[in-house]
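A short write-up of the structure that comes next.
The analysis underlying the following values was restricted to heavy atoms, covering all of them including side chains, and did not include hydrogens, waters or symmetry mates. Please read these numbers as outputs of a predicted model, since none were measured by experiment. Residue indices begin at 1 and follow the sequence shown.
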Amino acid sequence: LFNIGMTRHYTNAHEEAIEWLQRCIAQCREGETILRKAYAMLAASYRYLGNLNEALETCEAGLRACPGDPELLFRLGQILMETDRLVEAV
């Protein structure tokens, strides 16, 4: 599921990537190594489609599942900057 979602993401088929990555996250168990990456890629696909609220919610959910993940924190900062929430982005 993850590899299909990743392939769709990197070929700019973001709507399809979202479906596959959501399925991947739903199937992952706590602590699986791909979970953090699936959340980050899902947030990025939402962002590329201009769905910043969904991207933000995905980052927050990812950080609840994978606290302190650097990539999720980076993506969260990007989205907060793009939504003029600069103080929170820092």
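Residue F2 is grouped with residue Y10 when hydrophobic side chains (ILVMFWY) are merged at heavy-atom distances under 4.5 angstrom, including chains of intermediate members.
Sorted by first and then second residue, the ring-ring contact (aromatic ring centres under 6.0 Å, His included) pairs involving residues 64-90 (not counting sequence neighbours) form an empty list.
Of all non-hydrogen atoms in T58 and Y39, the two that sit nearest each other are CG2-O, 3.5 Å. Smallest separation of non-hydrogen atoms from A17 and G5: CB-O, 3.5 Å.
In this structure, Y48 and H9 have tilted ring planes: the angle between them lies in the 30° to 60° band.
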side-chain contact (heavy atoms from CB on, under 4.5 Å), that's the test. Do V90 and L80 meet it? Break it down for me.
CA-CA 9 Å; V90 177; L80 290 170; over 6 Å; no
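Partners of N3 by side-chain hydrogen bond (donor to acceptor under 3.5 Å, both in side chains), not counting sequence neighbours: none found. With sequence neighbours left out, the salt bridge (Lys or Arg N to Asp or Glu O under 4.0 Å) criterion links E57 to no other residue. For E60, there are no side-chain hydrogen bond (donor to acceptor under 3.5 Å, both in side chains) partners, not counting sequence neighbours. Residues satisfying the side-chain hydrogen bond (donor to acceptor under 3.5 Å, both in side chains) test with Q22, not counting sequence neighbours, are Y46. Annotation: side-chain hydrogen bond (donor to acceptor under 3.5 Å, both in side chains) contacts of R23 (sequence neighbours excluded): none.
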Considering only distance and modelled atom types, tabulate donor-acceptor pairs under 3.5 Å from the side chains of residues 61-72, sequence neighbours left out.
from: D69; atom 1: OD1; to: R36; atom 2: NH1; distance (Å): 3.4
from: D69; atom 1: OD2; to: E71; atom 2: N; distance (Å): 3.3
from: D69; atom 1: OD2; to: L72; atom 2: N; distance (Å): 2.9
from: E71; atom 1: OE1; to: K37; atom 2: NZ; distance (Å): 3.1
from: E71; atom 1: OE2; to: K37; atom 2: NZ; distance (Å): 3.1
from: E71; atom 1: OE2; to: R75; atom 2: NH2; distance (Å): 3.3

Using residues 26-33 as the side-chain source, report each donor-acceptor pair under 3.5 Å to any protein atom, sequence neighbours left out, with the distance given to one decimal.
from: E32; atom 1: OE2; to: R29; atom 2: N; distance (Å): 2.6

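The pair E54-R47 does not count as a salt bridge, with every side-chain nitrogen at least 4.0 angstrom from each carboxylate oxygen.
Atom CD of E16 is separated from atom CD1 of I4 by 10.5 Å, given to the nearest 0.5 angstrom. Here CG of L1 is found 6.0 Å from CH2 of W20. Values are rounded to the nearest 0.5 Å. We find the CZ-CG distance between R85 and L56 to be 5.0 Å, quoted to the nearest 0.5 Å. Between the OG atom in S45 and the CG atom in N51 there is a gap of 10.0 Å [rounded to 0.5 Å].
Considering L42, L73, L76 in turn, L76 is the only one that fulfils the side-chain contact (heavy atoms from CB on, under 4.5 Å) rule with C59.
Hydrophobic cluster of L86: the remaining members, joined at side-chain heavy-atom separations below 4.5 Å, are M81, listed by chain and number.
Between H14 and R8 the shortest side-chain heavy-atom distance does not fall below 4.5 Å. By the 4.5 Å heavy-atom criterion applied to side chains, I18 and L49 are counted as neighbours.
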